Amino acid sequence: MTLDEQRKLLGADGDIERDCDCIARKAAGQVLDRILVAPLISDLMDGAEELDVADLGEREISNALDLERRAEDKGRPEDCHALAQWLERHRHVAMHSQGWVLAMLKWYAKASLSGVAAATSAVGRAYGGWFDDSDLFAEPEEDAATVEDERLVQDTLVAAACELSAARRGDSYGLYQWFLYYMGIHDETICERNFDKAMDCLVRLVNRSHEVNRDVIRDLWAFQGPYQLERLVKSAPLESKWDDHEYPYVFGLCHEHGWVLEKDLGKALDYYRKAATFGCGKAAAAAKRVEMELGK
């Protein structure tokens, strides 16, 4: 399959922001269709001499085997996703095992098709080339990626569509990637720069981080939200050099919520009003929100 054929098959040759959910479903389906037989964890551990499972421990392996049996028997989305995560987390014991990767992608695809947002994000990562599985994906420039080739093709466009579908359902990795896309600072150019949409992604990331990363960083991608917001604040030029709404909006946001900067609704209102003078509808709405809170 060629790159163009794959995009047409998945619907990624059109508007991926409009069609991302459909693209993601088809992308996961294509992965699952090509994994006709994926080995069981017990087979991987018993039949591959190169696996180094000593550091896992018997209890860890026993729990994984139980999880695999539940996933095989009942097919519950949460079990499928947890099993795929386990396989990814322990890929280091099978760095040269294609079977391990195939098993992982099988369960991610199943979980994605059952509606698990983070699994859809993982399918996107697979199309983006994260898992280096040459038996399932061909690189776009490979001569083998032709009409006769049965493999899928690594494609950042399909990956981005999966990530957006996941982001819209709250997945942290997808939100982080699309914050970068919308800000125009990603390695790949997928869409036109859109500050408002970037801020929507960033705010959701920051809120997510505050929910789950209070004491320990449990969600590394959500943690990127506060980090990226702090970077925006620290990279700001002098206020006298602000010539559009972006920096005053960011500073208003931070002061309103107490993110990065001190919580100060008066300062937040001033910054939102300043951003609104540049024609920023989001800032004007935020100013009204803060005015109501202050009783002005």
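Worth saying up front: this structure is predicted, and the values here are computed from it rather than measured. Excluded from the calculations below are hydrogen atoms, water molecules and symmetry mates; all remaining heavy atoms, backbone and side chain alike, are included.
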- Message: L65 vs R69, test: side chain to side chain contact (heavy atoms under 4.5 Å, CB included). Steps then yes/no.
- Response: CA-CA 6 Å; L65 293 175; R69 281 190 287 270; 4.1 Å; yes

In terms of side-chain geometry, is the basic nitrogen of [X] or [Y] positioned less than 4.0 Å from the acidic oxygen of its partner?
{"X": "K282", "Y": "D200", "value": "yes"}
{"X": "E78", "Y": "R70", "value": "no"}
{"X": "E262", "Y": "K267", "value": "yes"}
{"X": "R7", "Y": "D155", "value": "yes"}

Polar side-chain atom of [X] near backbone of [Y] as donor-acceptor pair, under 3.5 Å:
{"X": "W221", "Y": "G174", "value": "no"}
{"X": "W178", "Y": "A160", "value": "yes"}
{"X": "R204", "Y": "S172", "value": "no"}
{"X": "W100", "Y": "L87", "value": "yes"}
{"X": "S114", "Y": "K110", "value": "yes"}

Give me the atom names and distance for the closest heavy-atom approach of [X] to [Y].
{"X": "G129", "Y": "Q154", "value": "CA-CD, 3.7 Å"}
{"X": "G11", "Y": "D19", "value": "O-OD2, 4.3 Å"}
{"X": "A161", "Y": "I23", "value": "CB-CG2, 3.7 Å"}
{"X": "C191", "Y": "E17", "value": "CB-OE2, 4.0 Å"}
{"X": "V153", "Y": "Y127", "value": "O-CD2, 3.9 Å"}

- Message: Any non-hydrogen side-chain atom of L175 less than 4.5 Å from a side-chain atom of D171?
- Response: no

- Heavy-atom side-chain proximity of R193 to M183 below 4.5 angstrom: yes

Are [X] and [Y] linked, directly or through other ILVMFWY residues, by side chains that come within less than 4.5 angstrom of each other?
{"X": "Y247", "Y": "W259", "result": "yes"}
{"X": "V212", "Y": "Y227", "result": "no"}
{"X": "V260", "Y": "L202", "result": "yes"}
{"X": "L113", "Y": "L105", "result": "no"}
{"X": "L67", "Y": "I61", "result": "yes"}

In terms of side-chain heavy atoms, does [X] have a donor or acceptor partner in [Y] at a distance below 3.5 Å?
{"X": "S165", "Y": "R25", "result": "no"}
{"X": "E60", "Y": "W86", "result": "yes"}
{"X": "Q30", "Y": "R34", "result": "yes"}

- Applying side chain to side chain contact (heavy atoms under 4.5 Å, CB included) to A119 and not counting sequence neighbours gives H81, Y108, A111, S112, V116

- Qualifying residues under side chain to side chain contact (heavy atoms under 4.5 Å, CB included), relative to H186, sequence neighbours excluded: Q177, L180, Y181, E188

- Give, for atom CD of E256 and atom CG of L261, the distance between the pair rounded to the nearest 0.5 Å. 12.5 Å

- Among Ile, Leu, Val, Met, Phe, Trp and Tyr joined by side-chain contacts under 4.5 Å, find the other residues sharing a cluster with F223 and list them by chain and number. I217, L220

- Message: Pair K288, E293 - check side chain to side chain contact (heavy atoms under 4.5 Å, CB included), show working.
- Response: CA-CA 9 Å; K288 290 182 180 179; E293 189 167 352; over 6 Å; no

- Message: Would you say that more than 12 heavy atoms from the other residues, nucleotides or ligands in this model lie under 6.0 Å from the NZ of K263, or not?
- Response: yes

- Task: I would like to know whether Y182 and F195 meet ring pair (Phe, Tyr, Trp, His ring centres under 6.0 Å); could you show each step before the answer?
- Result: CA-CA 6 Å; Y182 283 133; F195 176 79; over 10 Å; no

